[in-house]
Amino acid sequence: LALAATACGGDDKPEGGKSSGELSGTVTWWDTSTVGSEDKVFKKLAEGFEKKHPKVDVKYVNVPFGEAQNKFKNAAQAGAGAPDVIRSEVAWTPEFADLGYLAPLDGTSALKDQDDFLKQAAASTKYKDKTYAVPQVIDSMGVFYNKKIFKEAGVEVPASIADLKTVSKKIKDKTGKTGLYLRGDDAYWFLSFLYGEGGDLVDAADKAVTVDKPQGVKAFEVVKDLVDSGAAKTDATDGWENMQSSFKDGKVAMMINGPWAVADTLAGAEFADKANLGIAPVPAGTAGHGAPQGGHNLAVYAGSENLDASYAFVEYMTSVETQAQTAGELNLLPTRTSAYAKQQAVDSEIVGFFKPVVETAVERPWIPETGSLFAPLVTEYTKVLTGQTTPEKAASATGDSYRKLLKGWK
Ligand SMILES: C[C@H]1O[C@H](O[C@H]2[C@H](O)[C@@H](O)[C@@H](O[C@H]3[C@H](O)[C@@H](O)[C@@H](O[C@H]4[C@H](O)[C@@H](O)[C@@H](O)O[C@@H]4CO)O[C@@H]3CO)O[C@@H]2CO)[C@H](O)[C@H](O)[C@@H]1N[C@H]1C[C@@H](CO)[C@H](O)[C@@H](O)[C@@H]1O
């Protein structure tokens, strides 16, 4: 049909200037999704694009989340080895855009039905009034819990930090197991506690650093107390593996996590029966309640030699059908409103739980520095949890680091 359209000058040409039948060449895609659970679905989706565009060869490359950001910056800076399309985490996108490494997508075939994207998800793709990426998945965090252990201990899901300590105590007394696994080597796991004390890392509108205000100190006290009281256990390294195995093997009753962890979690012995996995909002703190917003966009490298095919690939990988498939197969949250009405999304309890959570998740400032706030924070966070520093010192040390990063902020 596409060829026929070309032959008779059909007008089904997407904005990219070429009819879809003409797309050809290679599109190298760096995917950062989790190997062993998410990657096989994303690889299969990319093959679907090749079927639709037989002259395009998609080179799927899986680059670990912890390495992809710097790897892309180095390659883009060197002008060698950068992929055509990168899965750009929400905080990486404004940074890459600011560096000039991403192709603006406004008016290209990559951006279809922009109004269909959740506002929260679209926000991280905009930079200085241009669009530099297309939202692929949005996520936030909740409490994953083991229903069997909860039943054995006769406890309910904790609504507050105080409840969390009571529930963990009962679980310990009744079953000998630890209540919560609190990841200690990734500061993303600190944010819901910070929001729960009415705090935040910064106030971008005010150009003020706020992590070292009393609310920040209090949040560090809260997480320290969870570990010191025995309500939670943590590790200074290998947090992902330790968290997943502790929860999957039924050694802990709860963990805080997001939709990206579901596929791996359901592979665990304790969740052979999927019904044993419960998910609930993160516990409220003494001054509020909030879970962080995360997620990933697809972006096109500004130096790509195959922009047209890259635009078409991004559009395909963020389409309603593709998002419905990842909702159904991986329980990941779509970024398109229309995808939530698709049967695969409707059938996913996880997606149903997280939809209102992501809509009320605490937004972060989409400034180039926003991703850089985590490295100094995790250093102090880990030290607090392992008793190597005090909440006061951690808060002030983090604040000092932020003021060096954010020139001129209060
Ligand atoms: C430290 C990092 O701080 C920030 O990252 C924040 C991030 O901004 C937060 O949003 C949050 O991300 C959520 C995420 O939203 C959520 O979806 C999920 O992602 C899943 C995927 O779903 C799953 O598919 C799979 O991919 O796996 C993903 C990960 O599981 O979970 C993420 C949270 O893990 O939390 C991040 C903090 O981790 C910086 O942005 C840097 O990343 C920085 N790392 C650099 C540091 C450099 C040296 O300093 C080093 O040289 C550099 O190479 C490193 O890049």
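We number each residue from 1, following the sequence as shown. Note that ligands are numbered from 1 as they come in the structure, with each ligand's atoms numbered from 1 the same way.
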Of the side chain and backbone of [X], name the one, both, or neither that has a heavy atom under 4.0 Å from an atom of ligand 1.
{"X": "Arg87", "result": "side chain"}
{"X": "Phe190", "result": "neither"}
{"X": "Asp139", "result": "side chain"}
{"X": "Trp240", "result": "neither"}
{"X": "Lys71", "result": "neither"}

Return the closest protein heavy atom for [atom] as residue, atom name and distance.
{"atom": "atom 2 (C) of ligand 1", "value": "Phe374 CB, 4.2 Å"}
{"atom": "atom 37 (C) of ligand 1", "value": "Asp186 OD1, 3.3 Å"}
{"atom": "atom 27 (O) of ligand 1", "value": "Thr34 OG1, 3.8 Å"}
{"atom": "atom 48 (C) of ligand 1", "value": "Asn70 ND2, 5.0 Å"}
{"atom": "atom 55 (O) of ligand 1", "value": "Gln69 OE1, 2.8 Å"}
{"atom": "atom 42 (O) of ligand 1", "value": "Trp92 NE1, 3.0 Å"}
{"atom": "atom 19 (O) of ligand 1", "value": "His296 NE2, 3.4 Å"}
{"atom": "atom 28 (C) of ligand 1", "value": "Phe65 CG, 3.7 Å"}

Search all heavy atoms of [X] against all heavy atoms of [Y] and return the closest pair with its distance.
{"X": "Gln293", "Y": "Gln120", "value": "NE2-O, 2.9 Å"}
{"X": "Ser304", "Y": "Val300", "value": "CB-CG1, 4.4 Å"}
{"X": "Phe271", "Y": "Asn276", "value": "CE2-O, 3.6 Å"}

May I ask you to decide whether [X] forms a salt bridge with [Y], counting only side-chain N to carboxylate O separations under 4.0 Å?
{"X": "Arg336", "Y": "Asp116", "value": "yes"}
{"X": "Lys274", "Y": "Glu349", "value": "no"}
{"X": "Lys218", "Y": "Glu221", "value": "no"}
{"X": "Lys404", "Y": "Asp400", "value": "no"}
{"X": "Asp273", "Y": "Lys148", "value": "no"}
{"X": "Lys59", "Y": "Asp84", "value": "no"}

| Any non-hydrogen atom of Gly258 lying under 4.0 Å from ligand 1? |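 Distance cut 4.0 Å: Gly258 fails for ligand 1.
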
| request: Return yes when Arg364 approaches ligand 1 closer than 4.0 angstrom through a heavy atom, no otherwise. | output: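 Contact present.
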
| Taking the six-membered ring for Trp, are Phe190 and Tyr381 parallel (under 30°), tilted (30 to 60°) or perpendicular (over 60°)? |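 Tilted: the ring planes of Phe190 and Tyr381 meet at 30° to 60°.
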
| request: Measure up the Phe65 and Trp92 rings against each other and bin them: parallel (under 30°), tilted (30 to 60°), perpendicular (over 60°). | output: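 The rings of Phe65 and Trp92 lie parallel, inter-plane angle below 30°.
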
| Protein contact for atom 21 (C) of ligand 1 (heavy atom, distance under 4.0 Å) |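 True for atom 21 (C) of ligand 1.
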
| field | Contact bool for atom 46 (C) of ligand 1 (protein heavy atom, d < 4.0 Å) | value |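 It does not; no protein heavy atom is within 4.0 Å.
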
| message | Could you check, using the six-membered ring where one of them is a Trp, whether Tyr60 and Phe42 have ring centers closer than 6.0 angstrom? | response |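 That pair fails the under 6.0 Å test.
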
| Under 3.5 Å, side chain of Thr382 to main-chain N/O of Thr379, donor-acceptor pair present? |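 No; judged by distance alone, with no hydrogens or angles, the pair does not exist.
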
| Side-chain (Gln136) to main-chain (Thr318) donor-acceptor, under 3.5 angstrom |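 Pair absent, no side-chain N/O of Gln136 close to backbone of Thr318.
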
Looking at [X], which atoms of ligand 1 are within less than 4.0 Å of one of its heavy atoms?
{"X": "Thr32", "result": "25 (C), 26 (O)"}
{"X": "Glu38", "result": "23 (C), 24 (O), 25 (C)"}
{"X": "Gly294", "result": "15 (O)"}
{"X": "Ser33", "result": "24 (O), 26 (O)"}
{"X": "Ala91", "result": "8 (O), 40 (O)"}
{"X": "Gly295", "result": "15 (O), 17 (O)"}

| request: Looking only at distances, please establish whether an N/O atom of ligand 1 is found under 3.5 Å from an N/O atom of Gly66. | output: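 Min N/O separation from ligand 1 is below 3.5 Å for Gly66.
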
| Has Lys355 got its NZ or CZ under 6.0 Å from the middle of the six-membered ring of Tyr340, at an angle within 45 degrees of the ring axis? |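 Positive - Lys355 is close enough to the ring of Tyr340 and near enough to its axis.
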
| If hydrogens are left out, which of Ser37, Gly371, Ala187 has an atom nearest to atom 4 (C) of ligand 1, that is, the closest non-hydrogen atom? |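 Looking at heavy atoms only, the winner is Gly371.
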
| said: My understanding is that we take every heavy atom of each candidate and find the minimum distance to atom 35 (O) of ligand 1. Doing that for Trp189, Tyr188, Phe42, which one comes out nearest? | reply: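 Residue with the shortest heavy-atom distance to the ligand atom: Tyr188.
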
